[in-house]
Structure formats: structure tokens, C-alpha cells
There are 2 protein chains.
Amino acid sequence: MTRQDRHIEVEDWTERFAGPRSLPRALRDELVARSRIIKVAAGKQIFGPGQATDSLLFLLEGTVRVSQTSESGREIVLYRAVAGQSCVMTTACVLAEDAQAAEGVAETDVRAVALPKSVFDEMVSLSPDFRDFVMSAYRRRIHDLLRVIDDVAFGRIDGRLANRLLELAGTADSLSVTHQQLATELGTAREVISRQLHEFQRRGWIVQSRGKIDIEDRDALAHVVDSV
Amino acid sequence: MTRQDRHIEVEDWTERFAGPRSLPRALRDELVARSRIIKVAAGKQIFGPGQATDSLLFLLEGTVRVSQTSESGREIVLYRAVAGQSCVMTTACVLAEDAQAAEGVAETDVRAVALPKSVFDEMVSLSPDFRDFVMSAYRRRIHDLLRVIDDVAFGRIDGRLANRLLELAGTADSLSVTHQQLATELGTAREVISRQLHEFQRRGWIVQSRGKIDIEDRDALAHVVDSV
DNA sequence: GCGGCAAGGTGACTTTGTCACGGACGCCAG
DNA sequence: CTGGCGTCCGTGACAAAGTCACCTTGCCGC
């Protein structure tokens, strides 16, 4: 990456995250010097237990899946950080400090700004906009976690599964995913997913093939989601 | 409360939460004028859906139980904010902004500083110590929520119940609590709790009477907690 | 074609949640 | 004291979800 490219990137992200109004020129110049743009290939772990990071990541492109693994080895997806949404801070900072079993994995190729903690602190103190951004990021995460708790504690898995299928598919009507991956999404066991998908297929809502699911009846699936 | 009392309170809490070092005299004086000490009786709701608050609470005395209720009416306790611990900010701010189903209830009589949002923002921008305090409060909450998710998704209820019994009892070996209350703590149904307690009693770990549980064998209960 | 491996299927069983009761206890009015 | 009433708790039958063990099927490289 040339120096010019890098400068362009920085101009871009400081305006996106901090707001041009409240970020003094001097501070921005210092940020140019003290941050760097990193790329992570799809599938790589970005943060996780036993991996102390002292920088925070701000997504420019790609999505990061954040999940938690229990002692017994079972896993559940907590949320996704998606570039382009309002909230693009991976909570590396939060989760890395607990030596918890939370980890973040790049789901696609990821491009992000790595901001050292010291710089982060400066920005928080100097830029009200940046501060708002950080606060709303935390709020958003807590909101996501509350949703997970509600689903896991009170939701039925048929509805939760139907929901994930529609979410993961987006506008497409076919998605490549294994039963095990879906089980991990929902924090349950593969057999449970297999049985539910079998039932969905029996009803003609989906068609399964190895590692792939075709959605045949969106409305029926959507109906299951909120019938719960 | 006399003017003198009030001043003492303020001296007290600003030093506790913001650190004397980094809070300018002028700001502190303004805080004296712009905050107030409130009291809440045990059992009263402090924040909840449909109750917009524009001030934040910092606990001086008492404990606040924060729980979430699903559409179906089932409830689960998310965490407790306890005065005297490092983290005493109720997340009214966070949870109130989502019109979510999270609510905070005073478990004991509560005394707290009510800080208007505008003053909160000023303090965040002016005091690094206060900022750290707020950040670590958020971290702590997220940590608590991750624990809840782990328990609900992967934990067995016998272990979770034994854990709550020991937590709620503290050092006492008797606690006044109904099966329904315990069910709410764990986000499950009363019948489930009744059956488990029946089993605990059969094994001689506890003795039940109406609305009351006597702990007979702490070690056995503690062993169930981590056998899970 | 074939060996090996990951994906998926299945049955038996346990644990947890749901539903519909009914009985027990405390408390207060008559 | 007695009859109601509300809360608390017990229980059985069932449904939903998770666990365990083992099997089959499709796929890919050789």
C-alpha cells in the first residue's frame, strides 16, 4: 500500500467515525501516524481468549462473527459486527479484557483500522462525536446480548432456526451452511437442527442437499419466527 | 435533608466516582447544584419499559435487581447492581434507551445520586477517571450478560439453582424465598424449581418450609455447582 | 473405483418446560 | 371457630429439547 493510499484511507475513516467537525487537525494527523489499516482473511480469528490485543478494530469492510464457547466446548454466536452498519467497532476491547471464552472470527475478508488503546483514549477525551459513537456501540452490543438471552431462555428452536435461515440467506433463496454451523449459531446440538430441518423439508418449506439449503417458502418460515 | 448534609453527600460521591484529582473545582460545584440525592423504597421500580428517565443513577446504598421479561411474561434476572462494589452505575441509560423489556427494581431501600444526562456528558468529557469508571461499568455489565448466556444456553438447572441458593444465602444458612422467585432468578418455571428443591431435600442438602429454605449441606450444593 | 472423511440420519434415553389440576397453609371477616 | 380466599407448593401426564451411540451417505483426491 502506498503512502498516498494510506492517507486516503485515514481521511476516510476519521470522517466516518469521529466526525470532521470535532476532530482537530493536529489530532487527526497524529492518528494518521499512530494507526494502521489491517486486513484479515476470511476464517481467521481476530480476537479471542489467550490473545491479548492492545488495539481496537474499526471495520471498514467485511463482517466479524463474535461467539462464546462454554467449558464443555459448545458454542453460540453472540452477534455480528458488520461494516457499513452504524456500529462497526469490534468489542475486542471489552471482551479481550475478560480472559473470557469470547472470540471474534472474520466471516469474510476484513479490512479494518487498528487503533492502539492510547490513541483510542485520546480520541474519546477529545472528540464528543467519537465518544457518542463508542457509547452507542456499547449500547448496541448490550442490546444484542439481551436479545440472545431472550431467545435462548424463552424462545423455541424452530422459530429461532427459521429466523437464522432467513437472516443468513438475505435476499438469496439458497444458502451454503452445514447443520453443525447452524447448531453453533443457535447454541444447540447438531441433531436438534437436523431434526428441525427435516421437519421443515417435510412441510415443503426448504429443500436440503449436502451443505446447502434452498428456501422454498419464505412466508411459512417467517410465520414460524413470530408464531413463537 | 439539610443543606449541610447534602453538601457532605456530594463531597462523598464525587470523590468516590470521579476521583478528586481530575475533577476541577468548578465542575464539582456545578455538580452539587445539578444533581440530587434520591431515595427509593425496597420493591419500587427504578427504571423499566415505558419509563423514560433522563438521569443516571449511581448507587450509594442498597442493591438493584435488573431483569428482563419476555413477551410471554416469563422473567429472568440479568444481574444485580450492589452499592459498595466497584461498579455502582445502574445501566438505566443503556437499557432505558431501548424501549426493551428490561427493568430495574430496588431490592433493598436504595439511596443514589441522580445525575442528569447533560451533567453526565460533561463529566465524561472532563474527567478521565470518571470515564474509566463508566467504561469499566459497561464492561462489567457485558461480562455479567455473557455469564447469563453461558448459564442459560449450556448450564444445567440443578447447578444453577444450587449456585443461586448459595449466593442468595450469603453466609446465613437460611433464606426466605419462594419457588416462584427462584424460578424468576433463573428464567425457568416454578415446577422445575419445585422438583429440584424436592430432590435437594431428599438428599438432605436443604430443608424446606413455606417460603423458606434452610441450607443443611453447603459442600454438597457447592459440589453440584461446578460438577456442571 | 476406492479409501477416508465430513455431513447428515436415527433411535433410545434424559432433562427441562408446559399444562392442568388439587391440596395445604395463612389470614382475615363474620 | 369457621368459612372463604389468595398464595404457595406438589404432582402427573405430556411436549420439547439435549445427549449418546451408532449408522449411512455423499464427496473428493488418488
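Convention: sequence-line order gives letters A, B, ...; per-chain numbering from 1.
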Between [atom2] on [N] and [atom1] on [X], what's the gap in Å once rounded to a whole number?
{"X": "B:Leu197", "N": "D:dG10", "atom1": "CG", "atom2": "C1'", "answer": "12 Å"}
{"X": "B:Arg74", "N": "D:dA16", "atom1": "CZ", "atom2": "P", "answer": "15 Å"}
{"X": "B:Leu182", "N": "C:dT16", "atom1": "CG", "atom2": "P", "answer": "16 Å"}
{"X": "A:Phe154", "N": "C:dT16", "atom1": "CZ", "atom2": "P", "answer": "16 Å"}
{"X": "B:Gln208", "N": "D:dT7", "atom1": "CD", "atom2": "P", "answer": "20 Å"}
{"X": "A:Leu161", "N": "D:dA17", "atom1": "CG", "atom2": "P", "answer": "11 Å"}
{"X": "A:Phe200", "N": "C:dG8", "atom1": "CZ", "atom2": "P", "answer": "16 Å"}
{"X": "B:Gln201", "N": "D:dC9", "atom1": "CD", "atom2": "C1'", "answer": "12 Å"}

- Message: Regarding A:Gln196, tell me which of base, sugar-phosphate or nothing describes its non-hydrogen contacts under 4.0 Å with the strands shown.
- Response: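 Sugar-phosphate only.
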- Using a strict 4.0 Å threshold on nitrogen-to-oxygen distance, state whether B:Arg147 and B:Asp150 make a salt bridge.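 Between B:Asp150 and B:Arg147 there is no salt bridge, as every charged N stays at least 4.0 Å from the carboxylate O atoms.
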- Message: For A:Tyr138 and B:Tyr138, take the angle between the two ring planes, folded into 0 to 90°, and tell me which bin it lands in: parallel under 30, tilted 30 to 60, perpendicular over 60.
- Response: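 Ring orientation of A:Tyr138 relative to B:Tyr138: perpendicular.
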- For the residue pair B:Phe120 and B:Phe130, categorise the inter-ring angle as parallel (less than 30°), tilted (30 to 60°) or perpendicular (more than 60°).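 Perpendicular.
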- Task: Please state whether the phosphate of D:dC8, meaning OP1 or OP2, lies under 4.0 angstrom from any side-chain nitrogen or oxygen of B:Thr178.
- Result: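 No, because none of the side-chain N or O atoms of B:Thr178 sits under 4.0 Å from OP1 or OP2 of D:dC8.
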- Would you indicate, yes or no, if C:dG17 has its OP1 or OP2 atom less than 4.0 angstrom from a side-chain nitrogen or oxygen of B:Thr188?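 Yes, within the criterion.
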Under the 3.5 Å rule, do the base of [N] and the side chain of [X] count as making a donor-acceptor pair?
{"X": "B:Arg156", "N": "C:dT16", "value": "no"}
{"X": "B:Arg160", "N": "C:dT16", "value": "no"}
{"X": "A:Glu191", "N": "D:dC20", "value": "yes"}
{"X": "B:Arg190", "N": "D:dG10", "value": "yes"}

- Compute whether any side-chain donor of one residue and acceptor of the other, for B:Thr63 and B:Glu107, lie under 3.5 angstrom apart.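 B:Glu107 and B:Thr63 do have a side-chain donor-acceptor pair below 3.5 Å.
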- Most 5' of A:Arg195 and A:Gly211 on DNA chain C, judged by nearest nucleotide: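 Nearest-nucleotide comparison on DNA chain C picks A:Gly211.
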- Given that A:Ala153 and A:His198 both sit by DNA chain C, which one's nearest nucleotide is further toward the 5' end?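 Going by which nucleotide is closer to the 5' end, it is A:His198.
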- Item | Contacts of type side chain to side chain contact (heavy atoms under 4.5 Å, CB included), residue B:Asp132, not counting sequence neighbours |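 Residues passing side chain to side chain contact (heavy atoms under 4.5 Å, CB included) with B:Asp132: none at all.
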- Task: Could you check which of C:dA7, D:dG6, C:dT10 has an atom nearest any side-chain atom of A:Arg210?
- Result: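 Selected nucleotide: C:dA7.
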- Query: Choosing from D:dG10, D:dG18, C:dG8, which nucleotide comes nearest the side chain of A:His179?
  - Reply: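 Given the options D:dG10, D:dG18, C:dG8, the side chain of A:His179 is closest to C:dG8.
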